[in-house]
Amino acid sequence: MNKDLSPEKEKSKSLDGSDQVAVRKDKLDRMRESGIDPFRANWDQTHVSMDAVSLLPEDEEVGPEVSVAGRIVAFRLMGKASFLKILDRAGKIQSYVRKDEIGEDEYALFKKLDLGDFIGIRGPLFRTKTGEVTIRAKEYRLVSKALRPLPEKWHGLTDNEQIYRQRYLDLVVNDDSRQRFRARSQIIREIREFFWSRDFLEVETPMLQSVSGGAAARPFRTHFNALDCDFSMRIALELHLKRLLVGGFDRVFEVGRVFRNEGLSRRHNPEFTMLEAYQAYSDYRGMMELTQSLIQQVAQNALGTLTLDRTEGAPIELSGKWREAKYKDLIIEAVGRDDWFELPKEAKLEKAKELKIEVDPALEDFEVTNDVFEKVIEHTLIQPTFVTHIPRELCPLAKITETDSSTIDVFELCINGQEIAPAYSEQNDPAVQREAFMKQVGEETQELDDDFLTALEHGMPPAGGMGMGIDRLVIFLTNAANIRDTILFPTLRPS
RNA sequence: GGGUCGGUAGCUCAAUCGGUAGAGCAGUGGCCUUUUAAGCCAUUGGUUCCGGGUUCGAGUCCCGGCCGGCCUACCA
């Protein structure tokens, strides 16, 4: 702005319509001068939009009076009458405002409202000539002023960065986003209903831990001043939930945030929501039934369908009994030779090169095999598949298969080309558990939780356990492109 | 962390070979009593992400930085 302009000129320049914030602030000032302060007003709702709409049956033209409130998201002014739409928690509803019904002075003020303002409206329902249920306003009141303009009404907000950083704007203008987060909430609610109905106890365990175990991931570290010691944010729920099995709560579950100090990607957010459930006197086969029933019930109740459309390719079919496949069989099929597991590491590396996957030669033998699984097989498992009999090195917390000491009694459920839920027959032999931990600790991937081992020595009942990444579940249930589209406020670099 | 693509008005997007930065929506002023992205007339609005450089001249080319998308790496 030109420094030579006097303050008066600057003000008049700023109010010519170019600076929308200044125009709105000026409107607010004028309202206050006339004794109206929208920020001190309120409104009684008798209905939300959707409920109000349903009060007018198809064959009727006039309905009862309702009182609603929300944000103006469409505003079509005419000389002596106007249409507007307000958005509330249930959706949108149209209102029709006539000068001859609210009065000349009120109508003049009404025309000064802006897109984005919050108003309350009261009046009877009627049907317009195009059939839309609409409130014929008898009374309206501005109850909060929006001083900044909304994003464009037709294209909405498309800039990813702004969608994530200013999620509130995304939610106001992008219907699909609003619906996706409503679906997420419904999904989590149905998960809880499922476990409660099976007599599981919902519990909460510490997020701040002196030892963060239960998975191999780098934790976020922090310092607790009062005790002058370092803590970590939890990376899994597992070890505390198992302590509760020791304590006699023999069916427990928790839905909670875990934190992993690792990279960001389409499928990774450093804080994400994990479900873990433990059921005594069950095992990984029991968890298989539980997991399939859980996802089927959640999809049916939260989405109303077991067939999930995808942006590309055939839909995901959740009905029926899901496929089971042994890890080794999938590997042998993928590499095209029966003797894969007898091959020396060098031959495996060679073969991996043929399959055009990058494999670090420094990896352990089983890690080369697992790279084949993760890079060649996993993304092809679109339809629900329980991958069973996984090599024992991949998880220290599961029981070893009785008939094959090289594998463990676990499954990894893959859907939509990614791992959704692992489940095990939980290791409850304290000596075997300690040994498995010691091997892992050597690699500095998992901290040794001595107190957990002490708990095991007190005796943990045989149990099946299952963990599920809720965000990834929501990705495929809502056909989202990115984990960030399922998390209201995803982690971003500070701007 | 590496590669790659991008950042232009409040929002969605243009701008030819390096040659006066434009449009739609929103806003502002009018007209309009059943609109549906309402319509019609007029009109305001720019640190082209930031900082350097090349050039008579840079949104455009070069270098550095910031932020983001995608791919990749790390990731039981």
Exercise for the section: Describe the nucleic acid contact of A:K85 in one word from base, sugar-phosphate, nothing, applying a heavy-atom distance below 4.0 Å. Expected result: base

Exercise for the section: Looking only at side-chain atoms of A:K153, point me to the closest of B:rA73, B:rU34, B:rA37. Expected result: B:rA37

Problem - Contact under 4.0 Å: A:R24 side-chain N or O vs B:rG27 OP1/OP2 - result: no

Practice task
Remember a base hit wins even if backbone is also touched, and classify A:R260 as base, sugar-phosphate or nothing at under 4.0 Å, heavy atoms.
Solution key: nothing

Handout entry: Between A:S406 and A:K328, a side-chain donor and acceptor under 3.5 Å
Key = yes

Problem - Nucleotide B:rA9, atom P - distance to CG of A:D159 in whole Å - result: 11 Å

Practice task
Identify whether any heavy atom of A:L157 sits under 4.0 Å from a base atom; if not, whether one sits that close to sugar-phosphate; answer base, sugar-phosphate or nothing.
Solution key: sugar-phosphate

Practice task
Compare the minimum distances between each of B:rU36, B:rU12, B:rA76 and the side chain of A:T130, then state the nucleotide with the smallest one.
Solution key: B:rU36

Completion exercise
chi for B:rC17 classified (syn = within 90 degrees of 0, anti otherwise) as syn

Exercise for the section: Using only side-chain N and O atoms of A:R76, determine if any of them is under 4.0 Å from OP1 or OP2 of B:rG39. Expected result: no

Problem - Candidate nucleotides B:rC74, B:rG68, B:rU12, ranked by approach to the side chain of A:R165 - the nearest - result: B:rG68

Exercise for the section: Remember a base hit wins even if backbone is also touched, and classify A:T128 as base, sugar-phosphate or nothing at under 4.0 Å, heavy atoms. Expected result: base

Handout entry: Candidates B:rC11, B:rU36, B:rA76 - which lies nearest the side chain of A:Q162
Key = B:rC11

Practice task
For B:rU28, take OP1 and OP2 only and decide whether either is under 4.0 Å from a side-chain N or O of A:Q20.
Solution key: no

Exercise for the section: Mind checking A:I163 for me? I need base, sugar-phosphate or nothing, with any heavy atom below 4.0 Å counting as a touch. Expected result: nothing

